[in-house]
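Presented below is the structure to which this report refers.
Throughout, a chain's letter reflects where its sequence line sits, starting with A, and its residues are numbered from 1. As the structure is a computational prediction, the values presented were derived from the model and not from experiment. Scope of the values below: all heavy atoms of this structure, side chains included, with no hydrogens, waters or symmetry mates.
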Protein chains: 2
Amino acid sequence: MGVTKTQVFTDRQNRIADLAKALAHPARVAIIQHLLKVNSCVCGDLVEVLPLAQATVSQHLKELKQIGIIHGEINPPRVCYCINETVWQEAKAIFGDLFETPVSAACCN
Amino acid sequence: MGVTKTQVFTDRQNRIADLAKALAHPARVAIIQHLLKVNSCVCGDLVEVLPLAQATVSQHLKELKQIGIIHGEINPPRVCYCINETVWQEAKAIFGDLFETPVSAACCN
DNA sequence: ATAATCTATCGTATTATTGCAATGAACAAA
DNA sequence: TTTGTTCATTGCAATAATACGATAGATTAT
């Protein structure tokens with residue numbers, strides 16, 4: 001049906017999936033990397049950095065904002081985006097947990 | 001146009017996005033968690049564990065296999081799936097790097 | 001008030017993803 | 001050979017995601 005059956009999975013599984021979705025597009029990876037690197041909270045500079053139209057960049061920013069991984073502060077006429085430390089740490093912890101899970105002995109290695 | 005412009009991003013950014021995509025659906029998260037946990041490399045047991053049809057599970061497995069994060073060994077009449085340690089470590093490292101990037105002082109916190 | 005700047009949103013087109021029933025392929029057991 | 005088991009693939013339908021031009025909204029500068 002093309003719609004993910006989120007209700008049959010755990011909250012944690014859905015959260016992992018949502019946080020992963022934030023990173024599941026190279027443009028959003030580039031946005032996050034740039035926000036991590038640049039000392040000031042660039043805004044429309046992202047449009048310059050990314051080879052995408054302004055509308056497309058704005059849409060990716062909206063998704064990241066919705067997931068919570070970034071937030072923007074209106075500072076007219078610009079909007080100042082930056083990493084949301086809280087959610088960033090949440091993502092770090094959640095992925096850290098996952099990757100630290102010991103891989104059980106496999107039968108087909 | 002609905003198609004990701006992969007060619008304008010770096011290989012690393014695309015790789016991060018691909019690996020994240022593997023985790024960007026709760027069913028695939030559940031599959032990976034189960035493969036990490038279960039000592040034997042379950043195959044169709046995944047269909048029992050997941051509240052999805054066999055065809056759907058097979059499709060998610062195919063995606064995970066394509067990204068490289070799991071691999072399957074035919075062991076008739078079953079197929080034995082397990083985590084691909086190499087790629088798993090690659091993912092661990094790539095996400096570890098990303099999350100260890102120091103967050104620069106933000107202007108809008 | 002007018003113009004310029006920056007960002008968000010709308011509308012639209014295209015492709016990708018999710019899901020499942022049905023079918024097919026491969027093999028083991030009878 | 002026939003049957004049953006297991007998994008992959010196909011075909012279809014519906015929703016999500018990607019991308020961009022055009023436009024609207026908000027604010028500053030002139």
Side-chain angles (χ1 to χ4, degrees), chain A residues 1-9 13-14 17-31 35 40-67 70-82 107-108, chain B residues 1-9 13-14 17-18 20-31 34-35 40-67 70-82 107-108:
Chain A
M1 300 174 181
V3 62
T4 299
K5 297 169 76 175
T6 54
Q7 70 285 358
V8 298
F9 297 101
Q13 286 166 341
N14 281 307
D18 281 341
L19 289 171
K21 213 170 288 180
L23 297 168
H25 191 287
R28 292 195 290 272
V29 172
I31 289 173
L35 288 181
S40 77
C41 291
V42 275
C43 357
D45 295 0
L46 286 163
V47 179
E48 310 258 318
V49 173
L50 299 177
L52 296 171
Q54 182 264 327
T56 308
V57 173
S58 193
Q59 202 171 334
H60 282 302
L61 288 170
K62 186 181 176 184
E63 286 178 57
L64 289 173
K65 213 166 26 172
Q66 194 183 343
I67 293 166
I70 68 171
H71 63 106
E73 186 171 276
I74 297 172
N75 194 357
R78 299 159 201 279
V79 175
C80 179
Y81 281 106
C82 59
C107 62
C108 50
Chain B
M1 300 171 179
V3 61
T4 299
K5 297 169 76 174
T6 54
Q7 70 286 355
V8 299
F9 298 102
Q13 285 167 341
N14 281 306
D18 281 342
K21 215 171 287 180
L23 297 168
H25 191 286
R28 291 195 290 273
V29 172
I31 289 173
H34 197 255
L35 288 180
S40 78
C41 290
V42 276
C43 358
D45 295 358
L46 286 164
V47 179
E48 310 257 320
V49 173
L50 299 177
L52 296 171
Q54 182 264 325
T56 308
V57 174
S58 193
Q59 199 173 335
H60 283 301
L61 288 169
K62 186 180 176 184
E63 287 177 58
L64 289 172
K65 213 167 23 173
Q66 195 184 341
I67 294 166
I70 68 171
H71 64 106
E73 187 171 274
I74 297 171
N75 195 356
R78 299 159 201 279
V79 176
C80 180
Y81 282 105
C82 58
C107 62
C108 50

Once rounded to the nearest 0.5 Å, what's the spacing between atom [atom1] of [X] and atom [atom2] of [Y]?
X: A:Thr4; Y: A:Asn14; atom1: OG1; atom2: CG; value: 8.5 Å
X: A:Leu35; Y: A:Leu46; atom1: CG; atom2: CG; value: 5.5 Å
X: B:Asn75; Y: B:Arg78; atom1: CG; atom2: CZ; value: 9.0 Å
X: A:Asp45; Y: A:Glu48; atom1: CG; atom2: CD; value: 6.5 Å
X: B:Thr6; Y: A:His25; atom1: OG1; atom2: NE2; value: 9.0 Å

Output the rounded distance in Å from [atom1] ([X]) to [atom2] ([N]).
X: A:Glu73; N: C:dC6; atom1: CD; atom2: C1'; result: 16 Å
X: A:Asp18; N: D:dA17; atom1: CG; atom2: C1'; result: 14 Å
X: B:Leu50; N: D:dC7; atom1: CG; atom2: C1'; result: 15 Å
X: A:Leu23; N: D:dA17; atom1: CG; atom2: P; result: 15 Å
X: B:Asp45; N: D:dT6; atom1: CG; atom2: P; result: 10 Å
X: B:His25; N: D:dT15; atom1: NE2; atom2: P; result: 15 Å
X: A:Asn75; N: C:dA8; atom1: CG; atom2: C1'; result: 16 Å
X: B:Ile74; N: D:dT9; atom1: CD1; atom2: C1'; result: 14 Å

(message) If you assign each of A:Pro51 and A:Lys21 to its closest nucleotide in DNA chain D, which residue comes earlier from the 5' end?
(response)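 Looking at the nearest nucleotide for each, A:Lys21 comes out on the 5' side.
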
In a table with atom names and distances, give each donor-acceptor pair under 3.5 Å that connects a side chain of residues 54-64 of chain B to protein atoms at least two apart or in another chain.
| residue | atom | partner | partner atom | Å |
| --- | --- | --- | --- | --- |
| B:His60 | ND1 | B:Arg28 | NH1 | 3.0 |
| B:Glu63 | OE1 | B:Arg28 | NH1 | 3.1 |

(request) Taking all non-hydrogen atoms of both residues into account, name the closest pair between A:Val29 and B:Ala17 and its distance. (result)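 Shortest heavy-atom separation between A:Val29 and B:Ala17 comes out as CG2-N, 4.3 Å.
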
The side chain of [X] is closest to which nucleotide in this list: [options]?
X: A:Glu63; options: C:dT17, D:dA8, D:dT18; value: D:dT18
X: B:Pro77; options: D:dT5, D:dA17, D:dT9; value: D:dT5
X: B:Val79; options: D:dC7, C:dT17, C:dG19; value: D:dC7
X: A:Tyr81; options: C:dA8, C:dT18, C:dG19; value: C:dA8

(request) Check whether any side-chain N or O of B:Arg78 sits under 4.0 Å from OP1 or OP2 of C:dA26, and answer yes or no. (result)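 Negative; the distance criterion is not met.
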
(message) Reading DNA chain C from 5' onward, which residue's closest nucleotide shows up sooner: B:Leu52 or A:Lys62?
(response)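 Result of the comparison: A:Lys62.
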
(message) Expected output is a numbered-order residue list: members of residues 53-61 of chain B with a heavy atom under 4.0 Å from any atom of DNA chain C. What is it?
(response)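 Heavy-atom cutoff 4.0 Å gives B:Ala53, B:Ala55, B:Thr56, B:Gln59, B:His60.
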
